[in-house]
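One structure below.
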Amino acid sequence: MSSSPAGQVAEVELIPDFASLLRQHQRMVFTIALHMVRDPMAAEEIAQDVFLKLHQELRSMKSSAHIEFWLRRVAVHRAIDYERKHRHDPNVALEELQMPAKEEPGTDPFLARRLQALVASLPEKARAVVVLRYQEELMPEEIAALLRIPVGTVKSHLQRSLAMLREKLGRTLGEVSL
Amino acid sequence: MKRLEEELRAALKREDPPLGFAERVLARAAAQAHQRERTRWARFRDAFAIHRLQWAAAAVVLAVIAGGVGLRIEQDRRAEGEAAKRQVMLALHIASAKWQVAAREINGQSNARTATPHDETENHE
């Protein structure tokens, strides 16, 4: 309902050039891929493919929000495709996981790595839901639109994943009460 | 639950891609665009080269069709000309016959007129 001239101006949004979009969204796309496939080299390959696809499709993009939505969806689906092609044991050992590039002060690096490993062991759809919810801070409705699944399915994936993570984390760390 | 969610947010925070990531993507995008442009031209050229025989056959067929149509048009034009000529000849024949009939009648009347005074003199005698 933006019938005012200001609203009309806002609708005619100029899309930034490809290099600006790349620099703006590279962290998001790379990290989605990294948390989905758990391999930095594979994550870079997936992220590169996602941006090359964007380069081809840029003319069909309607707005910056559309681009962001599109990038998240394509990154998740490319990561799932990669996983299916290079299927291996989802129960990743801690040693296989890369250390984060920078440790945030106040966070427990061991707990963070353990959580990453546990998230990586989730089924692909549940993993995508958890990554989009806690990395991208998306609401269940947004995740449902992005993954094209019902909102109820997103919520049940979240509940079951959190329950499983809490149980596995408690089993591993014993004394941790989350 | 809240604490687990906070720990998840911390564990799944965004990270920087490896150094030079953007430059590598830009280089690949440029190469891809170049390749796409080349492919488009090559596809056009190959389509013409591969189907050269078909193009030639199509050209021959088109030429034959065009020749046939031209010949037919010429034949129709000639036939129309012949018909027109026949009609003109027929009209001339009719006109000539009528003229001859009229001329005979005129000649007959003038002969009769020149013969009448001679008869009168004969009657007076």
Side-chain angles (χ1 to χ4, degrees), chain A residues 18-20 22-35 40-41 43-44 47-56 58 98 100-102 104 106-109 111-119 130-137 158-159 161-163 165-166 169-170 176-178, chain B residues 1-70:
Chain A
F18 178 69
S20 309
L22 172 60
R23 291 198 165 83
Q24 186 184 344
H25 295 297
Q26 57 180 347
R27 292 183 86 227
M28 175 186 82
V29 173
F30 173 74
T31 318
I32 288 175
L34 182 65
H35 289 145
M41 283 178 71
E44 168 160 359
Q48 283 195 17
D49 286 346
V50 171
F51 280 110
L52 289 177
K53 185 80 180 150
L54 174 68
H55 186 251
Q56 289 174 13
L58 199 53
Q98 296 280 320
K102 280 180 277 183
E104 291 287 318
T107 59
D108 179 354
L111 182 61
R113 286 176 66 197
R114 183 63 197 149
L115 271 172
Q116 286 168 2
L118 289 174
V119 168
V130 169
V131 168
L132 292 171
R133 178 74 188 99
Y134 296 106
Q135 179 195 307
E136 293 303 309
E137 302 278 357
L158 277 172
Q159 281 175 355
S161 300
L162 287 177
L165 289 173
R166 189 183 305 103
L169 202 62
V176 176
S177 59
L178 294 170
Chain B
M1 188 71 96
K2 283 280 176 215
R3 180 157 170 227
L4 175 61
E5 289 183 304
E6 281 165 20
E7 293 293 350
L8 270 171
R9 282 190 183 94
L12 299 178
K13 67 186 184 304
R14 286 183 181 178
E15 292 177 26
D16 286 325
L19 274 177
F21 172 80
E23 287 69 28
R24 285 191 289 279
V25 173
L26 288 172
R28 278 185 70 187
Q32 191 185 54
H34 180 65
Q35 181 65 28
R36 221 170 27 235
E37 198 55 44
R38 266 185 58 191
T39 310
R40 198 175 298 148
W41 167 241
R43 206 180 300 144
F44 174 75
R45 200 187 50 210
D46 291 350
F48 191 78
I50 290 167
H51 304 296
R52 198 178 293 159
L53 207 64
Q54 284 93 322
W55 282 114
V60 168
V61 169
L62 276 176
V64 167
I65 290 170
V69 169

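Each chain gets a letter, A, B and so on, in the order the sequences are listed, and its residues count up from 1. The model shown is predicted, which means the values in this text are computed figures rather than measured ones.
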- Item | Over 12 foreign heavy atoms within 6.0 Å of CZ, B:Arg36 | yes
- Checking heavy atoms, do the side chain of A:Val119, its backbone, both or neither come under 4.5 Å from chain B? side chain
- Over 12 non-hydrogen atoms of neighbours within 6.0 angstrom of CG in B:Leu19: no
- Pair B:Arg3 + B:Glu7, salt bridge at N-O below 4.0 Å: yes
- Item | Residues A:Arg23, B:Glu23: salt bridge by 4.0 Å N-O rule | yes
- Query: Given that the side chain runs from C-beta out, which part of A:Tyr134 has a heavy atom under 4.5 Å from chain B: side chain, backbone, both or neither?
  - Reply: both
- Segment of A:Leu52 engaging chain B (4.5 angstrom heavy-atom cut-off): both
